[in-house]
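A short worksheet on the structure shown next.
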There are 2 protein chains.
Amino acid sequence: MAETPGGENLLFLTDEQLRKGIEAMFFAYRGFTADPDRILEGMDYGRAHHRAIHFIHRSPGTTVSNLLSILGVTKQSLNRVLRTLIEDGLVRSEKGKVDARERHLHLTDKGQMLERELSDAQRARMRAAYRAVGPQAVQGFRQVLEAMMDPEMRRQYNRLKEGG
Amino acid sequence: MAETPGGENLLFLTDEQLRKGIEAMFFAYRGFTADPDRILEGMDYGRAHHRAIHFIHRSPGTTVSNLLSILGVTKQSLNRVLRTLIEDGLVRSEKGKVDARERHLHLTDKGQMLERELSDAQRARMRAAYRAVGPQAVQGFRQVLEAMMDPEMRRQYNRLKEGG
DNA sequence: CTTGGAAAGTCAACAAGGCTGACGTAAATT
DNA sequence: AATTTACGTCAGCCTTGTTGACTTTCCAAG
């Protein structure tokens, strides 16, 4: 095995290994979104609705602008999604009491039900994968993902971690 | 720590831990695609072109239908992308000699150059992440991703691994 | 040799979900 | 009073996915 002066084996940094990681991300992300996509297909909603529902569930009472910064889309794009969710009675939007310009978002009971269905499916796959590989591998998984994030996204991710 | 009868700590399978993994995938995938997206923006191409270029580079001479099964899109969708790449001289399409119905796809020199630029950027981020966390974590990362894939996708992934 | 079916390509139409730009309104801040 | 902020909305555009229908080419089985 090739060793550096520091005694560290660096074969895991070869282009070949990196490419495998890239392809693993590509194929795994497909699996990651497959189950929710299947549930949503035919019911007028898509991945964008899922994301909004997820993060509203995650941070009840969050504002539109906060959601915008988490999702990284334009307000026009988010608004289209949010409007249908509100019209359909999955999301409730309330004027802020301390700052009345803000809208605070909550899932309704109906919204909670869909969220539950979606996250159950997504967690089931995740749980099977975690169980198959064990806690050590899971720790590595999360470490690499976190290291791949843009700093701004890592901040968002860690804010969510603490909050929850 | 909670332990099972088998003596195994299962705290890593809580809904909370699973949710963190889900959010990590979401934010990390953004980082994963960010650099190629930046390169491609403004040059008429998008993520779909990147994917086609990647897998043609990966398996030179691959056929259209093979590419279809890897990418998981319709031939109409792939064809639109492929057509522009061929027109722009990034991809060469050759009638098969043994089976002339098939088209064998190769990157031209120009295509190789763009592939290089894109994969350099993507690998750079990957390498930084890998280096930051070490080989042990990287192994876990790959194990979890592989376990998350649909069986069909895992087959594709492993075929690529061997081939390369 | 004929024909059935696979592989590839093409046209048309459509939808989701991104984007920009412009504009309006209410509320907070200065 | 003027400006800025948060939000909503209208209009229009792009990429990338979809379905359906159709053609051309060509291999292989009958």
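Proteins come first, then strands; the chains are lettered A, B, ... in the order of their sequence lines, and each starts at number 1.
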Looking at every strand, decide which applies to B:R80 at a 4.0 Å heavy-atom threshold: base, sugar-phosphate, or nothing. base
Check this for me: does any side-chain nitrogen of one of B:R19 and B:E16 sit under 4.0 Å from a carboxylate oxygen of the other? yes
Can you check whether B:S65 has a side-chain N or O nearer than 4.0 Å to OP1 or OP2 of C:dA8? yes
Whichever of A:L78 and A:G96 has the more 5' nearest nucleotide on DNA chain C, that residue is A:L78
Please give, in whole Å, the distance from D:dT4 P to A:D99 CG? 17 Å
Given D:dG8, D:dG17, D:dT18, the nucleotide with the shortest approach to the side chain of A:V64: D:dG8
Whole-Å distance separating the CZ atom of B:R101 from the C1' atom of C:dA8: 10 Å
side-chain hydrogen bond (donor to acceptor under 3.5 Å, both in side chains) partner of A:D37, chosen from A:H50, A:R30, A:R47: A:R47
Residues A:D120 and A:R127 bridged, charged N to O under 4.0 Å: no
How are the rings of B:F26 and A:F55 set to each other: parallel, tilted or perpendicular (split at 30° and 60°)? tilted
The side chain of B:R51 is closest to which nucleotide in this list: D:dG17, D:dG8, D:dT4? D:dG17
So what does A:G72 touch, heavy atoms closer than 4.0 Å: a base, only the sugar-phosphate, or nothing? sugar-phosphate
Tell me whether the OP1 or OP2 atom of C:dT10 has a side-chain N or O from B:N79 closer than 4.0 Å. yes
Using a 4.0 Å heavy-atom cut-off, does A:H104 contact any base of the nucleic acid, only the sugar-phosphate backbone, or nothing at all? nothing
Contact under 4.0 Å: B:H49 side-chain N or O vs D:dT16 OP1/OP2: yes
Look at the side chain of A:Q76 against the base of D:dG12 and say whether a donor-acceptor pair falls under 3.5 Å; ignore hydrogens and angles. no
Could you please name the option among D:dT5, D:dC7, C:dG18 that lies closest to any side-chain atom of A:K75? D:dC7
If you compare every side-chain N and O of B:R103 against the phosphate oxygens of C:dG9 (OP1, OP2), does one of them come in below 4.0 Å? yes
Would you say a side-chain N or O of B:S77 is under 4.0 Å from OP1 or OP2 of D:dT16? no
For the pair made of CG in A:L68 and P in D:dT9, what is the distance, rounded to whole Å? 14 Å
Distance, rounded to the nearest Å, where A:R47 contributes CZ and D:dT18 contributes P: 11 Å
Using whole Å, what does the distance between atom P of nucleotide D:dG17 and atom CG of B:L67 come to? 12 Å
Would you kindly give the CG-to-P distance between A:N66 and D:dT5, to the nearest whole Å? 17 Å
Between C:dT10 and B:R83, is there an OP1 or OP2 to side-chain N/O distance shorter than 4.0 Å? yes
B:E41 has an atom CD; how far is it from atom P of C:dG18, in whole Å? 16 Å
Charged N to carboxylate O under 4.0 angstrom, B:D15 versus A:R123? yes
Tell me whether the OP1 or OP2 atom of C:dA27 has a side-chain N or O from A:K95 closer than 4.0 Å. yes
Has A:R154 got a side-chain atom pairing as donor or acceptor with A:E146's backbone, closer than 3.5 angstrom? yes
Report the distance from atom CG of A:L82 to atom P of D:dG8, rounded to the nearest whole Å. 7 Å
